[in-house]
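The structure appears right after this line, and notes come after that.
Keep in mind that the numbers below use all heavy atoms, side chains included, and drop hydrogens, waters and symmetry copies.
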Amino acid sequence: MYRGLLINCGSIAPITASQFGTNRIMERALLQQRGGQPLSSVDRFGCAAVAGAVSALVASPTELIIIQQQKKCTPLLQEVKHFAATYSAISAYRGVGPCIGRETLYAAGYLGLCPILFDKLKDTQQFKDSPASAMAIAGVVGGVFAASASHPFDTIKTRMQAAMYTKPEYLTWTSTAATIYKEGGVLNFWRGLLPRMTRIIAATFILINVRSAAVGYLEEQRQPPQLTAEKLLPELSQ
C-alpha cells in the first residue's frame, strides 16, 4: 500500500514549493505592473494555473519512478538504477505533456479557486462569524474542481508512464487518449476519480492552511521591531 512512499515524500515538497513560489512571484509581478491595484479573481486563478504548469517539470519524472516501482514491486534505488541503464535521460520526462495539463488544473483548483471562494464567502453575512465553515466549503469546491478537471490528464499520463515503450497504443498521449476512449468511452477518463478526489480535498485543506500559517509567520518575522519606551528607557518605565 505504501510502495513508492519515500520518493513521493521527497518529491511532494519541491513540487508544492514550486507551486507556492511561482504563484507568489506571478502575483507580485502583476501587482507591481498594475501599480498595487488588487488582483482580480481571473488574475489569481491564472497565476495558480501557471504555477501548476511549472511544477510538472518536477512532478513528471518522480511520478514515473513511483509508477514503475508500484508496477514491478522494486525498491527505490534498484528501480532508479534499472531506469538509468535501460532508458535515455529524456525518457524521464515521458508523459510530461498530460502532466502539465493535470498540474495546471490541479493548482488552479486548490491554489486559485479555493482561496478566491474563501475570500468571497468569509465576508458574507452567513459566514462572517464562521470562517471555518467558509474554508470548509471553499476547500471542498476547490478540491472537487481540481480532481475532476485534472483527472483525464492524470489517466493518460499514468497509462503512458506505466507502459513506457512496450505498447504501441501508448506511445503518444493522443494515441493513449484514443485507446482509453475505445475501451470505455468518455467516462473511462474519469475511472478512479473518487479516491483521488478524496485525497485532493484533504490536501487542499492541509496545503492552504499550512501555507497561510507559514506566510503569516514569515511576514511577522520580517516586520521591523517596534521600539517602545519600555525597551528604550527601562528606568523611565520604572
Basic-acidic side-chain contact under 4.0 Å: [X], [Y]:
X: Arg94; Y: Glu63; value: no
X: Asp123; Y: Lys128; value: no
X: Glu103; Y: Lys157; value: no

Do you know which two heavy atoms are closest between [X] and [Y], and how far apart they sit?
X: Ala53; Y: Ile100; answer: CB-CG2, 4.0 Å
X: Ile208; Y: Pro115; answer: CD1-CG, 4.0 Å
X: Ser175; Y: Pro168; answer: OG-O, 4.2 Å
X: Ser60; Y: Gly95; answer: OG-C, 3.9 Å
X: Ser91; Y: Leu64; answer: O-CD1, 3.6 Å
X: Thr62; Y: Val58; answer: OG1-O, 3.1 Å

If you define the side chain from C-beta out and look only at heavy atoms, does anything of [X] sit under 4.5 Å from [Y]?
X: Leu111; Y: Tyr106; value: no
X: Glu27; Y: Leu39; value: yes
X: Phe20; Y: Leu207; value: yes
X: Phe189; Y: His151; value: no
X: Ser55; Y: Thr22; value: no
X: Thr155; Y: Pro152; value: no
X: His82; Y: Gln68; value: no
X: Phe83; Y: Met164; value: yes

Please answer whether the main-chain N or O of [Y] pairs with a side-chain N or O of [X] as donor and acceptor at a distance below 3.5 Å.
X: Thr166; Y: Ala163; result: yes
X: Ser150; Y: Leu105; result: no
X: Asn188; Y: Tyr181; result: no

Go through it in stages, so that I can follow the logic: the residues are Met135 and Asn209, the test is side-chain contact (heavy atoms from CB on, under 4.5 Å), and I'd like the CA-CA distance, side-chain angles, deciding distance and then a yes or no. CA-CA 9 Å; Met135 174 53 73; Asn209 281 285; 4.2 Å; yes
If hydrophobic clusters are built from ILVMFWY residues whose side chains come within less than 4.5 Å, do [X] and [Y] share one?
X: Leu6; Y: Val80; result: yes
X: Ile12; Y: Ile66; result: no
X: Ile200; Y: Trp190; result: yes
X: Val186; Y: Phe153; result: yes
X: Leu77; Y: Leu5; result: no

Atom [atom1] in [X], atom [atom2] in [Y]: separation rounded to 0.5 Å?
X: Cys47; Y: Arg28; atom1: SG; atom2: CZ; result: 12.5 Å
X: Thr158; Y: Asp154; atom1: OG1; atom2: CG; result: 4.0 Å
X: Ile67; Y: Met160; atom1: CD1; atom2: CE; result: 11.0 Å
X: Cys114; Y: Ile201; atom1: SG; atom2: CD1; result: 10.5 Å
X: Ile180; Y: Leu187; atom1: CD1; atom2: CG; result: 13.0 Å
X: Asn23; Y: Met26; atom1: CG; atom2: CE; result: 8.5 Å

Does Tyr170 have Arg159 sitting over its ring (NZ/CZ under 6.0 Å from centre, angle to axis within 45°)? no
Stepwise side-chain contact (heavy atoms from CB on, under 4.5 Å) test for Phe205 and Val140: CA-CA 8 Å; Phe205 282 106; Val140 171; 4.3 Å; yes
What do you reckon, is [atom1] of [X] surrounded by more than 12 foreign heavy atoms closer than 6.0 Å?
X: Leu218; atom1: CG; result: yes
X: Gln221; atom1: CD; result: yes
X: Lys120; atom1: NZ; result: no
X: Gln32; atom1: CD; result: no

Indicate whether the side chain of [X] and that of [Y] have a donor and an acceptor atom separated by less than 3.5 Å.
X: Thr176; Y: Thr179; result: no
X: Ser40; Y: Asp43; result: yes
X: Arg3; Y: Thr74; result: no
X: Tyr110; Y: Gln19; result: yes

Tell me who clusters with Val141, hydrophobic residues only, linked when side chains sit under 4.5 Å apart either directly or through other members. Phe45, Leu113, Ile116, Leu117, Leu121, Phe127, Ile137, Phe145
Look at the aromatic rings of Tyr165 and Tyr87 and report parallel, tilted or perpendicular, splitting at 30° and 60°. tilted
Take Gln37 and Leu31 through the test side-chain contact (heavy atoms from CB on, under 4.5 Å) and record every step on the way to the result. CA-CA 6 Å; Gln37 292 294 324; Leu31 281 170; over 6 Å; no
Determine whether Asp129 and Lys122 satisfy the following criterion, salt bridge (charged side-chain N to carboxylate O under 4.0 Å, His left out), listing intermediate values before the conclusion. CA-CA 8 Å; Asp129 298 325; Lys122 70 178 183 180; over 6 Å; no
Please assess Arg44 against Ser41 for the test side-chain contact (heavy atoms from CB on, under 4.5 Å), listing each intermediate value before the final yes or no. CA-CA 5 Å; Arg44 295 170 66 186; Ser41 297; 5.6 Å; no
